[in-house]
Amino acid sequence: MDQVLPVAVVTEQQFAQLSAGGNHTCALTAAGGLYCWGNNNYGQLGDGSTTGTRVPVRIAEQTTFSSVNAGLDHSCAISTGRATYCWGRNEDGQLGDGSRTDRLLPAEVSEGLSFASVYAGGFHTCGITVGGSAGTGSNESSSKPVPVSSP
């Protein structure tokens, strides 16, 4: 049932960060626990399934995260160890793992880059590395991170 007024998320968790995607939401606890809920057609919840849920489910329990960003049909998060993971729809290579295969669980972004921030969009993902470089900037589709070209 669609809601026209804000409603409380049904959970015992207290979230420190929240990111709303196309039809799903992901959130982090203060301790770095990652939870997602909503539509899951492409695995964008990262729980290993394509079944949606109305309540938050814990993702990647063995990893703690410092940030999360939900896109249209995919999500990305940065671990406290600076590894970047993405999951969900990957038709255009937006997960950055070098493939175009949808991922039902978080998959590490390839190229060994360390990101300070990452932003999941519609059919793309952008990030800023710890050193301050941005990616992507090419007009060519890529399934791996590529640096932004200077004008």
Mind checking whether Leu105 and Tyr85 sit in one hydrophobic cluster, side chains of I, L, V, M, F, W, Y counted as touching below 4.5 Å? no
Would you say Leu28 and Ile78 are hydrophobically clustered, going by side-chain heavy atoms of ILVMFWY under 4.5 Å?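 In one cluster with Leu28: Ile78, no.
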Side-chain heavy-atom pair [X], [Y] within 4.5 angstrom cut-off:
X	Y	answer
Asn90	Asp92	no
Glu108	Thr84	no
Gln94	Arg89	yes
Cys126	Phe115	no
Gln17	Val68	yes
Thr50	Asn41	no

According to the interplanar angle, ranging from 0 to 90°, do the rings of Phe15 and Trp37 count as parallel (below 30°), tilted (30 to 60°) or perpendicular (above 60°)?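 Ring orientation of Phe15 relative to Trp37: parallel.
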Do [X] and [Y] get their side chains close enough for a donor-acceptor pair, meaning under 3.5 Å?
X	Y	result
Thr80	Thr64	yes
Asn69	Ser75	no
Asp47	Asn40	yes

How close do [X] and [Y] get, heavy atom to heavy atom, and via which atoms?
X	Y	result
Leu34	Cys26	CD1-CB, 4.4 Å
Leu95	His74	CD2-CB, 3.7 Å
Pro106	Ile59	CG-CG2, 3.7 Å
Ala70	Gly21	CB-N, 3.5 Å
Gly43	Trp87	O-CD1, 3.3 Å
Cys76	Val118	CB-CG1, 3.9 Å

Residues Thr25, Leu18; criterion side-chain contact (heavy atoms from CB on, under 4.5 Å); working and verdict: CA-CA 7 Å; Thr25 302; Leu18 184 74; 3.4 Å; yes
Looking only at atom types and distance, does a side-chain atom of Gln44 sit under 3.5 Å from a main-chain N or O of Tyr42, one as donor and one as acceptor? yes
Run Cys86 and Val109 through side-chain contact (heavy atoms from CB on, under 4.5 Å) and show every step you take. CA-CA 7 Å; Cys86 295; Val109 172; 3.8 Å; yes
Would you please test Asp97 and Arg103 for salt bridge (Lys or Arg N to Asp or Glu O under 4.0 Å) and show each step? CA-CA 10 Å; Asp97 66 355; Arg103 302 290 180 193; 2.7 Å; yes
As an exercise, state the distance from CD of Gln13 to OG1 of Thr29, rounded to the nearest 0.5 Å. 6.0 Å
So CG of Leu113 and CD1 of Ile128: to nearest 0.5 Å the spacing works out to 13.0 Å
